[in-house]
Amino acid sequence: MNKKGKTTIVFTLIIALLTVSLTVSENINREYTLSNPNADKTATAVYGYLTSLYGKQVLSAQQESTWMGSDNYEFDYIQSASSKLPAIRGFDYMNDDFEGVNKRALEWWQSGGLVTICWHTGSNFSGEWNDAQNTEIADWDKALTEGTDEYNALISGMDKGAAALSELQKQGVTVLWRPFHEFDGKWFWWGKGGEENFKKLWRIMYERYTNYWKLNNLIWVLGYSHNGIDCKSWYVGNKYCDIIGADSYDGGAQPGLFTQLIKINSDNKPKCFHECGKNPDENELNSTRWLWFMTWHTEYLTDNNDTTSLNKLYNSELVITLDELPNFKE
């Protein structure tokens with residue numbers, strides 16, 4: 001090989017190293033901005049904290065139940081196993097339990113925790129899981145067209161959730177708001193109309209809650225199902241969400257789902273594992289750095305996660321627990 005050839009190779013290697021260096025630097029220093037430019041100071045601080053952790057540490061989260069003799073059924077189980085509590089508590093407005101959820105959410109927030117809320121509800125925005133599965137929108141075109149009776153009914157039902165979230169805003173609570181989850185699975189009414197109707201529905205709620213109700217305490221979480229087949233076609237757009245998630249009950253950290261979400265928009269939004277049964281272990285989370293993992297309630301927690309594994313996970317330096325969160329309360 002001549003001198004000119006060696007020089008070319010060295011120069012090429014230098015360029016490659018510089019390119020890698022710049023790419024890593026861009027990823028580390030990437031700035032995330034909330035979709036709502038009027039987001040309040042606390043929501044902005046929470047989002048700033050969450051995004052500062054992304055790719056470095058993982059928050060623990062647990063969905064609550066309210067029918068097991070104690071509102072803290074899952075949390076007592078985790079604390080007994082690990083002497084720790086999750087950083088995030090999951091709530092559900094199902095059965096129109098706005099008052100009860102808000103009471104428990106405020107208590108959790110005041111204890112130093114973070115709050116995420118979903119809403120299993122029928123197409124008339126009443127009921128629970130069965131209603132979410134077994135009701136449908138009769139005419140999507142009318143329901144999504146402003147001025148129709150169907151649209152007005154949709155907005156009236158939607159506003160029940162907004163009123164409840166408004167009460168939490170008055171109390172200074174930031175909410176990781178996760179409506180219409182598992183939409184791409186098409187088993188809930190909000191996904192049965194297909195991707196285009198779902199995107200319109202999501203944007204209607206976003207605009208209504210953000211611009212009409214002035215809900216500036218929300219961080220919008222777009223929660224895909226475990227399908228991971230065509231995530232991009234269901235994507236609502238960067239202007240309408242802040243965190244993108246997926247769920248799975250198959251165990252492990254599901255790197256394939258993570259990859260599917262990355263394909264939507266590279267890494268312009270942090271990615272969370274918004275529902276699981278058997279928790280990922282520390283090694284799995286090291287290779288697939290979700291922003292958080294949230295274990296589903298009752299037997300999904302207790303039958304799939306023994307006390308030994310919970311103790312190890314919740315005491316890992318990788319995993320953030322309640323006692324490690326900063327103070328967001330004003």
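All values derive from a computational prediction rather than experimental measurement. Residue numbers count from 1 along this sequence.
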Participant: Carefully, step by step, assess R104 and D97 under the rule salt bridge (charged side-chain N to carboxylate O under 4.0 Å, His left out).
Facilitator: CA-CA 11 Å; R104 295 189 300 278; D97 186 23; 3.2 Å; yes

Participant: List the steps, then state whether side-chain contact (heavy atoms from CB on, under 4.5 Å) holds for N95 with T121.
Facilitator: CA-CA 7 Å; N95 289 319; T121 187; over 6 Å; no

Participant: Going through the checks in order, is the side-chain hydrogen bond (donor to acceptor under 3.5 Å, both in side chains) test met by T174 and N217?
Facilitator: CA-CA 5 Å; T174 293; N217 62 324; over 6 Å; no

Participant: To the nearest 0.5 Å, what is the distance between CE on M205 and CH2 on W119?
Facilitator: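 Taking CE in M205 and CH2 in W119, the distance rounds to 6.0 Å.
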
Participant: Counting N and O atoms only, with roles assigned by atom type, does the side chain of W292 sit under 3.5 Å from a partner on the main chain of A87, one being a donor and the other an acceptor?
Facilitator: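 The answer is no, because no donor-acceptor pair under 3.5 Å joins these two groups.
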
Participant: If the test is ring pair (Phe, Tyr, Trp, His ring centres under 6.0 Å), which one of F188, W190, Y224 qualifies with F183?
Facilitator: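 Running ring pair (Phe, Tyr, Trp, His ring centres under 6.0 Å) over F188, W190, Y224 with F183 returns exactly one hit, Y224.
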
Participant: I'd like to know whether E182 forms a side-chain contact (heavy atoms from CB on, under 4.5 Å) with E275, so could you lay out the CA-CA distance, the side-chain angles of the two residues, the decisive distance to 0.1 Å, and finally the verdict.
Facilitator: CA-CA 10 Å; E182 297 179 350; E275 287 182 25; 3.4 Å; yes

Participant: State whether the number of non-hydrogen atoms from other residues, nucleotides or ligands found under 6.0 Å of Y249 atom OH is greater than 12.
Facilitator: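 More than 12 within 6.0 Å, yes.
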
Participant: Drop me the distance from R289's CZ to Q57's CD, to the nearest 0.5 angstrom.
Facilitator: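 Nearest 0.5 Å value for the CZ-CD distance: 8.0 Å.
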
Participant: Where do W213 and D159 land on the side-chain hydrogen bond (donor to acceptor under 3.5 Å, both in side chains) test, with the steps shown first?
Facilitator: CA-CA 9 Å; W213 281 89; D159 279 355; 3.0 Å; yes

Participant: Go through it in stages, so that I can follow the logic: the residues are D184 and D230, the test is side-chain contact (heavy atoms from CB on, under 4.5 Å), and I'd like the CA-CA distance, side-chain angles, deciding distance and then a yes or no.
Facilitator: CA-CA 8 Å; D184 59 319; D230 191 14; over 6 Å; no

Participant: Any idea how H120 and H181 line up, ring-wise: parallel (<30°), tilted (30 to 60°), or perpendicular (>60°)?
Facilitator: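 Rings of H120 and H181: perpendicular, as their planes differ by over 60°.
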
Participant: Assess whether a salt bridge exists between E195 and K200, defined as any Lys/Arg side-chain N lying under 4.0 Å from an Asp/Glu carboxylate O.
Facilitator: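 Not counted as a salt bridge, because no side-chain N and carboxylate O are separated by less than 4.0 Å.
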
Participant: Quick one: does L301's side chain get under 4.5 Å of Y77's, heavy atoms only?
Facilitator: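 L301 reaches Y77 side chain to side chain.
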
Participant: In Å, rounded to the nearest 0.5 Å, how long is the span from CD1 of I137 to CG of L154?
Facilitator: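 Going from CD1 on I137 over to CG on L154, the span is 5.5 Å.
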
Participant: Are E282 and K312 ion-paired here, with the side-chain N under 4.0 Å from a carboxylate O?
Facilitator: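 A salt bridge is absent here (no side-chain N lies under 4.0 Å from a carboxylate O).
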
Participant: Using modelled atom types only, decide if a donor and an acceptor are shared between the side chain of T148 and the backbone of Y151 within a distance under 3.5 Å.
Facilitator: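 Yes, the answer is positive, given that a donor and an acceptor are paired below the 3.5 Å cut-off.
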
Participant: Identify whether the distance between the nearest side-chain nitrogen and carboxylate oxygen of D306 and K278 falls below 4.0 Å.
Facilitator: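 Salt bridge flag = no for K278 with D306.
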
Participant: Between K170 and E167, is there a salt bridge with N-O shorter than 4.0 Å?
Facilitator: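 Yes.
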
